Amino acid sequence: MVKKGLMERLNSDEVVIGDGGFVFALEKRGYVKAGPWTPEAVVESPEAVKQLHREFLRAGSTVMQTFTFYASEDKLDNRGNECAAKYGVKEINDAACRLAREVANEGDALVAGGISQTPAYLSGLGKEKVQAEFKKQVDSFVANKVDFLIAEYFEHVEEIEWAIEALKKFSGGMAVCANMCIGEEGDMHGVSAGECAVRMAKAGADVVGINCHFGPVEVMRGIRKMKEALDKEGIKVHLMTQPLGFHTPDAKAQGFIDLPEFPFGLEPRICTRFDMHAYARDAYELGVRYIGGCCGFEPYHIRALTQELQEERGVIPEGSKKHLPWGSSLELHTKPWVRARANRPYWENLKPASGRPFSSSMSNPDQWGVTAGHKALKQHSEKTTKDETGGLKNYTS
Ligand SMILES: [Zn+2]
């Protein structure tokens, strides 16, 4: 089967369905460590990674992203992480490419090689050093013949500009998607969401958008601002969104990592599958044609995207055979009051209770306000010291 490439799909107004979050899903299953969040599971537990790829494929994802989040050598070697020495940047990136390709070959999915922000940037090491980190990953993506590239999870527009430039240059001009993990307030240096989008497009990205850090509702607010700015400048570029699978109405510029519940107490915030229907519709109507998810976004959430857009796309993925739209399979239930829920208005209008008698609906984010260049964010390969775990006050004296 000859597959259509990413740009061919987007240029013909086809909706590309991304995948969901790997680090969060695999951390909960015991294959990823919270903290470093590095993807050595591709070498240590390849079957677990493959199974998650396969679940996204069954749910309807048409992109298998290589599980290479934070797989730059400086991150694999950061703060006592031994993965750079133990496995090496090449082995990890190569293994991730192989797993994504094996599963993509089982359906109509493309493989995207992904890079993310680096400790080198946070530590102020400069453009040459940061791009050298990206090159090691891109060399692996090119050797393993991925279909296109994604720069995602960047908090600083300057670093993603360097990333886009590096991806284009070192890959010999492959299609590049660029996503910042920002909300409507813009990047960590106060650059607006609109300006971030314009700068990503001007740096050469073929697709621009937002991933991670905010839930679907907040990401849609950010992408609206991006679209307005791009339209104003007359820039034609495709749009993409890959939000969290969590609600984050109370998050400020730094997103969910600033919330006190991050990362081990986020469960009450999980979006329902019907929240994802609303997100898919909103994104589609705005003109976003690459629609997916990030942390907390599980295969059933991806399935909800494909079900909402079933008519437009004409595709019913394998995973939908076990879930009829809007809960209609409940008609088979034995209890009449549950059968009565087999309809769209019921699920569309439901306001789920949290069941937690002492929970508030909102939190106060930490808002330390430190950003690249601050000494609290300087990275190193030695283990974190006691002084470095004590809070921001340890850096201000
Ligand atoms: Zn994420």
Side-chain angles (χ1 to χ4, degrees), residues 4-20 60-63 65 110 112 114 116 147-155 157 160-161 163-164 167-168 174-187 191-244 255 276-294 297 301-302 304-306 308-309 312-313:
K4 284 199 281 178
L6 176 75
M7 296 315 290
E8 207 183 331
R9 293 178 195 219
L10 293 173
N11 290 338
S12 59
D13 210 33
E14 200 177 298
V15 181
V16 171
I17 301 288
D19 59 8
S61 295
T62 51
V63 177
Q65 268 186 250
L110 301 171
S116 40
D147 298 305
F148 67 98
L149 301 166
I150 300 180
E152 66 170 10
Y153 200 79
F154 285 83
E155 296 174 305
V157 69
I160 201 167
E161 287 174 316
I164 294 162
L167 287 177
K168 280 285 178 192
M174 284 176 116
V176 169
C177 304
N179 289 291
M180 294 187 69
C181 49
I182 60 172
E184 60 178 338
E185 289 182 43
D187 91 342
V191 181
S192 72
E195 193 185 334
C196 286
V198 169
R199 284 176 61 176
M200 286 192 281
K202 285 187 175 166
D206 303 285
V207 183
V208 305
I210 297 176
N211 84 303
C212 207
H213 274 200
F214 295 89
V217 174
E218 297 74 36
V219 160
M220 287 310 299
R221 282 194 202 122
I223 197 81
R224 271 196 169 79
K225 296 214 160 162
M226 287 189 164
K227 186 175 189 305
E228 272 167 30
L230 291 163
D231 288 349
K232 208 168 149 207
E233 293 269 331
I235 297 173
K236 291 241 174 303
V237 67
H238 294 289
L239 298 176
M240 132 176 217
T241 46
Q242 303 220 82
L244 301 174
M276 295 317 186
H277 274 264
Y279 153 56
R281 180 55 51 195
D282 196 11
Y284 183 82
E285 278 171 9
L286 188 72
V288 180
R289 288 296 178 269
Y290 189 145
I291 307 173
C294 201
F297 220 101
H301 291 127
I302 293 291
L305 306 182
T306 63
E308 176 63 29
L309 299 171
E312 288 82 357
R313 300 179 66 243

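Fair warning: this is a prediction, and the values are worked out from it, not measured in the lab.
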Please table the atom pairs, donor to acceptor, closer than 3.5 Å between any side-chain atom in residues 197-205 and protein atoms at least two apart or in another chain.
| from | atom 1 | to | atom 2 | distance (Å) |
| --- | --- | --- | --- | --- |
| Arg199 | NE | Glu161 | OE2 | 2.9 |
| Arg199 | NH2 | Glu161 | OE1 | 2.8 |

Donor-acceptor pairs under 3.5 angstrom involving side-chain atoms of residues 231-238: please list them, not counting sequence neighbours.
| from | atom 1 | to | atom 2 | distance (Å) |
| --- | --- | --- | --- | --- |
| Asp231 | OD2 | Lys227 | NZ | 3.0 |
| His238 | NE2 | Asn11 | OD1 | 2.8 |

Run the side-chain donor-acceptor check on residues 278-294: report pairs under 3.5 Å with partners two or more places apart or on a different chain.
| from | atom 1 | to | atom 2 | distance (Å) |
| --- | --- | --- | --- | --- |
| Tyr279 | OH | Thr241 | O | 3.0 |
| Tyr279 | OH | Thr241 | OG1 | 3.0 |
| Tyr279 | OH | Gly292 | O | 2.8 |
| Arg281 | NE | Glu308 | OE2 | 2.7 |
| Arg281 | NH1 | Glu312 | OE2 | 2.8 |
| Arg281 | NH2 | Glu308 | O | 3.0 |
| Arg281 | NH2 | Glu308 | OE2 | 3.2 |
| Arg281 | NH2 | Glu312 | OE2 | 3.1 |
| Asp282 | OD1 | Arg224 | NH2 | 2.8 |
| Arg289 | NE | Asp13 | OD1 | 3.1 |
| Arg289 | NH1 | Tyr284 | O | 2.9 |

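Residues Val63 and Ala112 approach most closely at CG1-CB, 3.8 Å, considering heavy atoms. Ala175 approaches Phe148 most closely through the heavy-atom pair O-CB, 3.6 Å. Across all non-hydrogen atoms, the minimal contact from Ser12 to Lys4 is OG-NZ, 4.0 Å. The two atoms that bring Ala229 and Gly194 nearest to each other are CB-CA, 3.4 Å, heavy atoms only. When all heavy atoms of Ala193 and Ile182 are compared, the closest pair comes out as CA-CD1, 4.0 Å. Taking every heavy atom of both residues into account, Leu110 and Leu6 meet most closely at CD1-N, 3.5 Å.
One finds the CD1 atom of Ile150 at 11.5 Å from the CE atom of Met174 (value rounded to the nearest 0.5 Å). To the nearest 0.5 Å, the span separating CD1 on Ile164 from CG on Leu149 amounts to 11.5 Å. One distance of note links CG of Asn179 with CD1 of Ile223; it measures 8.0 Å at 0.5 Å rounding.
Glu152 places none of its side-chain heavy atoms less than 4.5 Å from the side chain of Met240. Side-chain contact check for Cys181 versus Ile210: every heavy-atom pair is 4.5 Å or farther apart. Residues Ile17 and Arg313 meet the side-chain proximity criterion, which asks for heavy atoms closer than 4.5 Å. Between Met276 and Phe297, the closest side-chain pair of non-hydrogen atoms falls below 4.5 Å.
Not counting sequence neighbours, the partners of Glu184 by the salt bridge (Lys or Arg N to Asp or Glu O under 4.0 Å) test are Lys225. By the side-chain hydrogen bond (donor to acceptor under 3.5 Å, both in side chains) test, Arg9 is found to be paired with Asp108, residues two or more places apart in sequence or in another chain being considered. Applying the side-chain contact (heavy atoms from CB on, under 4.5 Å) criterion to Ser116, with sequence neighbours excluded, gives Phe69, Tyr70, Tyr153. In this view, Glu195 satisfies the side-chain hydrogen bond (donor to acceptor under 3.5 Å, both in side chains) rule with no residue, not counting sequence neighbours.
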- Message: As a quick check of understanding, evaluate side-chain contact (heavy atoms from CB on, under 4.5 Å) for Val208 and Leu239, giving each step before the final call.
- Response: CA-CA 5 Å; Val208 305; Leu239 298 176; 4.2 Å; yes

- Message: Let's go through Cys212 and Leu244 carefully: what are the C-alpha distance in whole Å and the side-chain angles of both, what is the deciding distance for side-chain contact (heavy atoms from CB on, under 4.5 Å) to 0.1 Å, and is it a yes or a no?
- Response: CA-CA 5 Å; Cys212 207; Leu244 301 174; 3.8 Å; yes

